[in-house]
Amino acid sequence: MPHTRQHKPRRQFGFTLIELLVVLLILGLLAGLVGPRVLKYLGGAKTDTAQLQIEELGAGLDLFHLEVGRYPTTEEGLTALSVEPTGVDNWNGPYLKKKDIPTDPWGNDYHYRAPGQNGDYDLYSLGRDNADGGEGEDTDVVSW
């Protein structure tokens, strides 16, 4: 008895070019609708992060003031919270959880001035544009 093989037609599995284009079109439409809203929240999150960091640095400045009897001078800067300045008595720091002074969420240094124009000290970030004033992500985030 001769052995004969029956050939079943092979079925191709996968997606057609049209199906892939439809999926890409739908993804593009979703990105166009959702993308701007996500970016708006991301900008707000950076501003909120800057405000929280300023509050944390302010708490460190207050601890420094309690122990030393004054706030760090403008020349000593925020570094006085992690490294003992020369000629300072009663310094029991570091006054921050991390040794390094953080930069703002846009990668710029925080600005510190003591005595301040708005209080004992001024501590602030100039926002994304690193310039005075602005709106949205460019707005200044201040301690006062």
Under 3.5 Å, sequence neighbours excluded: what are the donor-acceptor pairs made by side chains of residues 80-89?
| unit_1 | atom_1 | unit_2 | atom_2 | d |
| --- | --- | --- | --- | --- |
| Ser82 | OG | Thr79 | O | 3.4 |
| Ser82 | OG | Lys99 | O | 3.2 |

Start with the C-alpha gap between Leu126 and Asn108, add the side-chain angles, then the distance that decides, and say whether side chain to side chain contact (heavy atoms under 4.5 Å, CB included) holds.
CA-CA 8 Å; Leu126 295 175; Asn108 304 311; over 6 Å; no
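Note that CG of Leu78 and CG of Leu61 are 6.0 Å apart. Values are rounded to the nearest 0.5 Å. Distance check, rounded to the nearest 0.5 Å: CG of Asn92 to OH of Tyr95 gives 5.0 Å. Here the straight-line distance linking atom CH2 of Trp106 with atom CG of Asn130 works out to 10.0 Å at 0.5 Å rounding. If you take CG on Asn118 and CG on Leu123, they are separated by 11.5 Å, rounding to the nearest 0.5 Å. Note that CG of Asp129 and OG1 of Thr139 are 9.0 Å apart. Values are rounded to the nearest 0.5 Å. Atom CG of Leu30 sits about 10.0 Å away from atom CG of Leu25, to the nearest 0.5 Å.
Counted within 6.0 Å of CD on Glu19, heavy atoms from surrounding residues, nucleotides or ligands total more than 12; the atom is thus considered enclosed.
Summarising the geometry of Thr103 relative to Tyr110, their closest heavy-atom pair is C-CE1, 3.7 Å, with the distance given to 0.1 Å. Scanning both residues, Arg128 and Asp138, for their nearest heavy atoms gives NE-OD1, 3.0 Å. The minimum heavy-atom distance between Thr47 and Glu137, with the atom names listed, is OG1-CA, 4.5 Å.
Hydrophobic clustering of Ile, Leu, Val, Met, Phe, Trp and Tyr side chains at less than 4.5 Å, counting indirect connections, unites Val141 with Tyr121. Taken together through direct or relayed side-chain contacts under 4.5 Å among Ile, Leu, Val, Met, Phe, Trp and Tyr, Ile101 and Val68 form part of one hydrophobic cluster.
Counting only distance, with no hydrogens or angles, the side chain of Asp122 and the backbone of Gln117 share a donor-acceptor pair below 3.5 Å.
Between Pro102 and Leu57 the shortest side-chain heavy-atom distance falls below 4.5 Å.
Taking Ile, Leu, Val, Met, Phe, Trp and Tyr as hydrophobic and joining them when side-chain heavy atoms fall under 4.5 Å apart, one finds Leu24 isolated, its cluster having no other members.
By the 4.0 Å N-to-carboxylate-O rule, Glu76 lies close enough to Arg70 to be salt-bridged with it.
Note: His111 and Tyr124 have parallel aromatic rings, judged against thresholds of 30 and 60 degrees for the angle between ring planes. Ring geometry for His65 versus Tyr71: interplanar angle under 30°, hence parallel rather than tilted (30 to 60°).
Listed by chain and number, the residues in a salt bridge (Lys or Arg N to Asp or Glu O under 4.0 Å) with Asp140 amount to none (sequence neighbours excluded).
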